[in-house]
Amino acid sequence: MASPPDTALDAPTQPPSASPAQLRALLVLLCTPLGLVIAANSSLALALPSVGADLRADQSALTWAVDAYSLFFAALLLPAGIAADRFGQRTLLVCGLLVFGAGNLASAFTTSAEALIALRAVAGVGAAAVFPVTLSALVSAYPPERRGFAIAVWSGVSAGGSVVGLLAAGALLELFWWGSVQVLFGVAAALLVPGVLVLVAQERNPHLSLDLPGALLAVVALSGTVFAVLEAPVHGWTSAWVLLPLAVGVAGGAGFVLRELGTAEPALDVRLFRSRGLAVGSLLVVAQFFTALGLFTLLPQYLQIVPGYSPLQAALVLLALSVGAGVGSAVTGARGAGWGRRGPAAAGLLLMSAGFLGLAMAAGTGRLWQVLAGLVVFGAGFGASMIPGTSLILEGLPPERRSVASAVNDITREVGGVLGIAVMSSVLVATYREDLLPALALVPPPLAEVALGGAGPAQAAAQALGPAGEALRLAAADAFAAGFADAFVLASGVLAVAALTCGALAPSRRPPGRHVRGRGRARPGGGAPGSSSHAARTPRPRAPDPAG
C-alpha cells in the first residue's frame, strides 16, 4: 500500500475516502502506540519494589521515576499537537516513537535512580509526540458516521492499556530483571515505525507557530508544583524546599495564562474554556486520571508489600478493573447518544468514588474479594465516564482544530495523572512516616532513617536487623496500608466533588452541527478558516455556545 499523500495546505475538512480495510488497519496501528505510552507508566509502577531494591531508591525517588515521565508527557502535549499540524502527523509520530523507544531502552540498563529519572523524562518527551496523533489521525480519517466507533475503541485502549502494561510487566518480572520491561517497550516502539510510514497521512501547515515560551512556562508550572507536593511530607509545608518550588510553579502557571492571553499565536487560547462543554469535559478527565494513575502507581506496591503478592499475581488482581471498564464503556457506547453527556459523566464519577472507598476499606482488612470488588466498581465508573469526557472536549473545539483538541484531551489526562500521583503519594508518605515512628524507637538511627524512606527500604532495614527485624517489617507494612487508605479516601472525595460539578454544569445534549468557533482571518500562505490547515489557533474566539 502506498503512503498517503502529503497535504501541506488547504486540506479538506471532510476525511478522505478510505476502504474499511484501510480504516481497520489504521485503527489497529494507532491504538498500538497509544497502548504503549499508557502502559509505560503502569508497567514501571509494578516494578517499583524491584527498582527500589536494585537502585537503593527511596519512596520519593520511586515516585519521581513515575512522575518524570508523566510530567514531560503532560507539559509537552500541547506543543506536540501543534507540531503535528505544522510538521505533519506522520513525521511527529515517527520521531516520537524513536525517542520513546530510545528512552525506554537506555533506562533498562541504568545503575542509579537519578539516571532512571532522567531517562524516564526522555521517554515522556517521546510519548508526548506520539499521543496526540493517535486520536487526531483517527478523527481525521474516519467519516462522521463511524467516528464514534473509533473514539470508543481509542477510549477502550486508553482505559485498558495500563492493565495490559501491568500484565506484561508481571510476566517479565517473574522471569527477568526489572529492565526487561523497558526493553519490551523500546523494541515495540521501533517495530511500529514502518507501519506508520505506510498508513498514517501527512497533513501540515508550515506557517504555524509552536509557542515555545508557552511550553516552557507549562513545564515550569507543573514541575514546581509537583516537586513541592512530593517534598512536603519530608520537609513540611513551611520549609523553603517546598515553598520556593511551589512559588515557582504558581508563577509559571500565571505566566502561562498571561502568555496565552497576550500572544497572537497561543498554543492554547485559554478563552476557549469559557465553553461549558470544554471546561466540564476537562474537569471530568482530570478527575478520572488524578485517581486512575494514582491507583496504578500505589496499588501494585500495596499488593506486593502488604499481602506479599508476586508481581504477576498483583497484575492479575488488577484485571478486575478492566472487567468493570469493559462493561462501563460498552453500556455508555451503546446508549450514550440517548443519555447525553451529563448523566453518564456524573454516574461514572460516583461509581469511581465508591470503588475508591471500597479499596480504602480493603487496605485495613487485606481481603482479596474487597480489593476485587473495589476495582470492578471503579473500572465500571471509569469506563462509563471515558467517552463523555473525551467527547465533551472534542466537541468543545471546531473540527479544524482536531490536533489541538486531541492535545487538550491528552493534557487534561496527564496533568490529572501527574497531580494524582504526586498528591496521593504525598498523603501516603505523610501517614506512613507518622505511623512508623513509634516502631523505630529501638531501631539504630541509620536504619531508622532508611526505614522512613518507604516500605521497600524498611524491608531492607528489617533484613539487616536479623530476627529482630520482623517487628519492623510488619510495622512498615501496616504503616504503608494506613497511608494507602488515607490517599484513597482523599481521592474518593475528589471524585465525588467532580461528580457533583459535572451533574450541575455538563451539557445534557450536544446540539447537532454547533461548535465553539474562533474568529480569524487567513494569513498569507496559510489555510483559510474552516480548513484543517488552519488547525491550531485564532487569536480571539467568539463567545462560546451556552450549551457547550
Side-chain angles (χ1 to χ4, degrees), residues 44-67 113 173 178 229-236 294-311 313-314 317-318 359-368 370-371 421-491:
L44 183 68
L46 189 69
L48 287 180
S50 300
V51 173
D54 190 25
L55 303 183
R56 300 177 182 271
D58 61 15
Q59 187 68 39
S60 177
L62 294 178
T63 302
W64 267 112
V66 176
D67 253 350
L173 289 169
W178 63 266
V229 171
L230 289 178
E231 294 300 316
V234 179
H235 300 287
L295 181 148
F296 280 115
T297 300
L298 300 183
L299 185 56
Q301 296 182 69
Y302 167 84
L303 291 173
Q304 293 176 74
I305 290 170
V306 181
Y309 293 167
S310 71
Q313 288 172 328
V317 168
L318 282 151
L359 289 169
M361 291 187 289
T365 64
R367 296 191 182 102
L368 178 60
Q370 285 185 292
V371 174
I421 293 168
V423 171
M424 292 179 67
S425 296
S426 182
V427 171
L428 186 151
V429 170
T431 300
Y432 169 83
R433 292 171 67 89
E434 181 180 352
D435 283 19
L436 188 62
L437 279 174
L440 300 177
L442 301 178
V443 176
L447 291 178
E449 189 62 30
V450 169
L452 284 174
Q459 291 180 347
Q463 289 179 350
L465 290 172
E470 180 63 13
L472 175 59
R473 187 190 68 79
L474 293 175
D478 289 344
F480 189 94
F484 176 91
D486 286 352
F488 274 57
V489 168
L490 171 70

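Along the sequence shown, residues are numbered consecutively beginning with 1. Computed from a prediction, not measured in an experiment: that's the story for all the values here.
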Only counting residues at least two apart or in another chain, list the ones meeting side-chain hydrogen bond (donor to acceptor under 3.5 Å, both in side chains) with [X].
X    : result
T431 : D486
Q304 : none
E434 : none
W64  : none

Exercise. Output every pair passing side chain to side chain donor-acceptor pair (under 3.5 Å) with a member in residues 435-455, not counting sequence neighbours, ordered by first then second residue.
Key: none
Quiz item: What pairs of residues pass the side chain to side chain donor-acceptor pair (under 3.5 Å) test when at least one of them lies in residues 468-478, not counting sequence neighbours?
Solution: E470-R473
Quiz prompt | Where at least one partner belongs to residues 463-487, residue pairs that pass ring-ring contact (aromatic ring centres under 6.0 Å, His included), sequence neighbours excluded | solution = Y302-F484, F484-F488
Quiz prompt | Minimum-distance pair of heavy atoms, taken over all atoms of V423 and L490 | solution = CG1-CD2, 3.7 Å
Self-check item: Pair listing, salt bridge (Lys or Arg N to Asp or Glu O under 4.0 Å) test, anchored in residues 453-467, at least two apart
Solution: none
Side-chain touch [X]/[Y], heavy atoms, less than 4.5 angstrom:
X    : Y    : answer
P300 : L318 : yes
V429 : R433 : yes
L437 : L452 : yes

Quiz item: How would you list, by chain and number, every residue that makes a side chain to side chain contact (heavy atoms under 4.5 Å, CB included) with A458, sequence neighbours excluded?
Solution: Y432, A451, A476
